[in-house]
Amino acid sequence: MDGYLVTFFTQQNRGHDGTSVADWILGQARELGVRGATLLSGQEGFGHDGRFHSENLFDLEDPPLQVVVALTPAESDQLFSRIEESGLRVFYTKTRAEFGFTSGG
């Protein structure tokens with residue numbers, strides 16, 4: 001299947017509509033029937049505001065998160081429409097990708 005690999009970048013404590021941004025995006029993908037998505041926690045990073053984010057015992061700043069999802073073009077259009085309609089502002093990367101399942105059992 002041809003489509004896109006989309007990665008959304010956010011932080012653990014960033015919220016939208018009463019839940020975390022990452023959980024909100026995962027929920028929207030699930031409602032659209034997307035085959036799956038992965039939530040990754042980052043060790044450290046910085047956001048567009050230049051603020052440092054990390055996850056360790058000495059500096060419990062808001063750790064970075066990534067939501068990664070493979071989407072068909074139609075699913076991508078639907079997900080981005082929902083994000084726009086909700087007023088959510090989130091940084092993302094979108095790369096053309098081929099995806100599917102291997103034939104192994």
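The structure presented is a predicted model; accordingly, all values stated were derived computationally and were not measured.
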Checklist outcome for this item: Scanning both residues in full, the closest heavy-atom pair of Tyr4 with Pro73 reads CE1-CA, 3.9 Å
Checklist entry - What heavy-atom pair brings Phe8 and Val90 nearest, and what distance separates the two atoms? => result CD2-CG1, 3.9 Å
Checklist outcome for this item: In this structure, CG of Leu26 is separated from CG of Leu65 (nearest 0.5 Å) by 9.5 Å
Checklist entry - Rounded to the nearest 0.5 Å, how far does CZ of Arg89 lie from CD1 of Ile83? => result 13.0 Å
Item to check | From CD (Gln12) to CG (Asp23), nearest 0.5 Å | outcome: 9.5 Å
Next on the checklist: Could you check whether any side-chain heavy atom of Tyr92 comes within less than 4.5 Å of a side-chain heavy atom of Val67, counting everything from C-beta outward?
Outcome noted: no
Enumerate donor-acceptor pairs with a distance under 3.5 Å from any side-chain N or O in residues 28-40 to protein atoms, sequence neighbours excluded.
residue, atom, partner, partner atom, Å
Gln28, OE1, Arg82, NH1, 3.0
Glu31, OE1, Arg82, NH1, 2.9
Arg35, NH1, Glu75, OE2, 3.0
Arg35, NH2, Glu75, OE1, 2.9

Next on the checklist: Can you confirm whether Phe80 is buried at CZ, in the sense that more than 12 heavy atoms of other residues, nucleotides or ligands lie under 6.0 Å from that atom?
Outcome noted: yes
Item to check | Heavy-atom pair with the smallest gap, counting every atom of Asp2 and Phe99 | outcome: C-CE2, 4.2 Å
Item to check | Candidate list Leu5, Val6, Thr7, test side chain to side chain contact (heavy atoms under 4.5 Å, CB included), partner Lys94, passing option | outcome: Val6
Item to check | Atom pair CD1/NE2 of Ile25 and His16 - distance to nearest 0.5 Å | outcome: 9.0 Å
